[in-house]
Amino acid sequence: MELKGIYVPLVTPFAADGGVALDALEKLAYELLDAGAAGLVALGTTGEPAALTAGERDAVVDVAAAVCAARGAQLIVGASGGDTRATAESLAALGARVPGAAAALVTVPAFVRPGEAGTVAHFRELAASSPLPLVVYHIPYRTGQQLSAAALREIAAIEGVVGVKYATGGLDQAAAELLADAPDGFAFLTGEDAFLAPMLALGAAGGILASAHLATARFVELAQAWRVGDVESARVLGHRLTGLAVAAFAAPNPAVTKGVLHALGRIPTPDVRLPLLPAGRAEVEAALALVSGLDHQGGASADR
């Protein structure tokens, strides 16, 4: 499974009665793919999976899978578990639910901090039984577990591991080392929205980006500009999208993104579920102004 381009981790829209607005989710998913996204991520952190019931999680996956199948797009689904055995059970259940064109996004073990050797063993065990290819979600400021470039290379060599969502808070030494000599068949996808441009410049395959909900075609345009070597356009557009990404994370994700989507009439409410709180009006308006500015400025080529 080759992963390349911009993937959008779907928000979970809520209706006025508090339930999941599946019709709005379906419409949003089609909009994102029709704007050029390579695929969708269901039940990523942006989708608030921990706040959903098991039935709601299944319904979200079913909608995302159907839309991706209809558009011939790739689907990545978050799989969780407190330990290796529970995660393997989650992967088995997921494999029975989604089509073969899907991959599973699996977070580096959180809280227990098993060390690099334990983390490698965890993914080796999962890959041996998983019915789906695995994308490693490396986000140490949530998990507490750092990984070196050497450990990531060891994980990348495991059969059935196809990529990493790399979200370490910025562009760090391990990312530079890994991208300087990227493992074959292993996709480096940044999960740090504000660092998409420099990661693409170093050779990242793309990104899994919550802020891409708000300007999907422009994020796709940026990835394509780097891919063809149009550095001038890529730099100009990259600076603009970095500003939008920073604004989208001015409150805990996905509060600002949901606020903007609601203001644009794309989802029925801006609601998130506790312990998250909705974004403030100023935060939403700041991001909305940047989205509007991107719409009015047209393509990056207009600035050359």
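In this text the structure is predicted, and so the values were computed from the model without any measurement.
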- Task: Decide yes or no on side-chain contact (heavy atoms from CB on, under 4.5 Å) for Thr87 and Val106, but give the supporting numbers first.
- Result: CA-CA 8 Å; Thr87 306; Val106 181; 3.8 Å; yes
- Would you check, one step at a time, whether the test side-chain contact (heavy atoms from CB on, under 4.5 Å) holds for Thr143 with Thr107? CA-CA 8 Å; Thr143 66; Thr107 306; 3.5 Å; yes
- Let me see the working for Leu40 and Ile76 under side-chain contact (heavy atoms from CB on, under 4.5 Å), right down to the final yes or no. CA-CA 6 Å; Leu40 303 174; Ile76 303 173; over 6 Å; no
- Message: What verdict does the side-chain contact (heavy atoms from CB on, under 4.5 Å) test give for Leu241 and Leu294, after you've listed the backbone C-alpha separation in whole Å, the side-chain angles of each residue and the deciding distance to 0.1 Å?
- Response: CA-CA 9 Å; Leu241 292 178; Leu294 283 167; 3.7 Å; yes
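The nearest pair of heavy atoms linking Ala127 to Val161 is CB-CG2, 4.4 Å. Taking each heavy atom of Trp226 and Ala201 in turn, the nearest pair found is CH2-CB, 3.6 Å. Nearest heavy-atom pair across Leu214 and Val291 is O-CG1, 3.6 Å. Closest non-hydrogen pair, Ala103 versus Val135, comes out as CB-CG2, 4.2 Å. Contact detail for Ala248 and Val256: the closest heavy-atom pair is O-CB, 3.3 Å. Annotation for Leu200 and Ala223: closest pair CD1-CA, 3.8 Å, computed over non-hydrogen atoms.
Cluster annotation: Leu152 is not connected to Leu105 through the hydrophobic network of ILVMFWY side chains, with a link wherever side-chain heavy atoms come within less than 4.5 Å. Hydrophobic clustering of Ile, Leu, Val, Met, Phe, Trp and Tyr side chains at less than 4.5 Å, counting indirect connections, keeps Leu179 apart from Tyr7.
Formation of a donor-acceptor pair under 3.5 Å by the Glu177 side chain with backbone atoms of Ala149 is not found in this model. Put simply, the side chain of Glu283 never gets that close to the backbone of Ala255: no donor and acceptor are under 3.5 Å apart. In this structure, the side chain of Asp193 engages the main chain of Ala210 through a donor-acceptor pair within 3.5 Å. Side-chain N or O atoms of Arg57 include one that pairs as donor or acceptor with a backbone N or O of Leu52 at under 3.5 Å. At distances below 3.5 Å, not a single donor-acceptor pair connects side-chain atoms of Thr257 with backbone N or O atoms of Ser211. Between the side chain of Ser292 and the backbone N or O of Leu288 there is no donor-acceptor pair closer than 3.5 Å. Within the 3.5 Å criterion, the main-chain N or O of Ala110 finds no donor-acceptor partner in the side chain of Gln145. In this structure, the side chain of Ser130 does not engage the main chain of Leu126 through any donor-acceptor pair within 3.5 Å. Here the side chain of Thr46 pairs no donor or acceptor atom with the backbone of Leu10 at under 3.5 angstrom.
You'll find the side chain of Thr168 stays beyond 4.5 Å of the side chain of Glu192, heavy atoms only. Proximity of Thr45 to Pro9: side-chain heavy atoms (C-beta onward) are nowhere separated by under 4.5 Å. Contact annotation: the side chain of His138 never approaches that of Lys165 to less than 4.5 Å [non-hydrogen atoms, C-beta and beyond]. Contact check for Leu28 versus Glu31: side-chain heavy atoms found under the 4.5 Å cut-off. Taking 4.5 Å as the limit, every side-chain heavy atom of Leu43 sits out of range of all side-chain heavy atoms of Ser80. At a threshold of 4.5 Å between non-hydrogen side-chain atoms, the residues Leu134 and Leu91 count as touching. Taking 4.5 Å as the limit, every side-chain heavy atom of Val164 sits out of range of all side-chain heavy atoms of Leu189. Contact check for Pro278 versus Pro270: no side-chain heavy atoms found under the 4.5 Å cut-off.
Within the hydrophobic cluster formed by Ile, Leu, Val, Met, Phe, Trp and Tyr side chains joined at under 4.5 Å, directly or through other members, Leu274 is accompanied by Leu277.
Listed by chain and number, the residues in a salt bridge (Lys or Arg N to Asp or Glu O under 4.0 Å) with Arg273 are Glu56 (sequence neighbours excluded).
Atom OG1 of Thr53 sits about 8.5 Å away from atom CG of Asp58, to the nearest 0.5 Å. Distance check: Ile267 CD1 to Thr269 OG1 gives 6.0 Å after rounding to the nearest 0.5 Å. Here Arg153 contributes atom CZ and Leu147 contributes atom CG; the two are 13.5 Å apart, rounded to the nearest 0.5 Å. To the nearest 0.5 angstrom, Leu33 atom CG is 10.5 Å from Gln74 atom CD. In this structure, CG on Leu244 lies 6.0 Å from CG on Leu290, to the nearest 0.5 angstrom. If you take CZ on Arg235 and CZ on Arg240, they are separated by 13.5 Å, rounding to the nearest 0.5 Å.
Side-chain contact of Glu116 with Ser148: a donor-acceptor pair under 3.5 Å is present, judged by distance alone.
Using a 4.0 Å cut-off between charged side-chain N and carboxylate O, Glu48 and Lys258 make a salt bridge.
More than 12 heavy-atom neighbours from other residues, nucleotides or ligands sit within 6.0 angstrom of CZ on Arg227. Heavy atoms from other residues, nucleotides or ligands lying under 6.0 Å from CZ of Arg266 number more than 12.
Sorted by first and then second residue, the ring pair (Phe, Tyr, Trp, His ring centres under 6.0 Å) pairs with a member in residues 167-225 read Tyr166-Phe188; sequence neighbours excluded.
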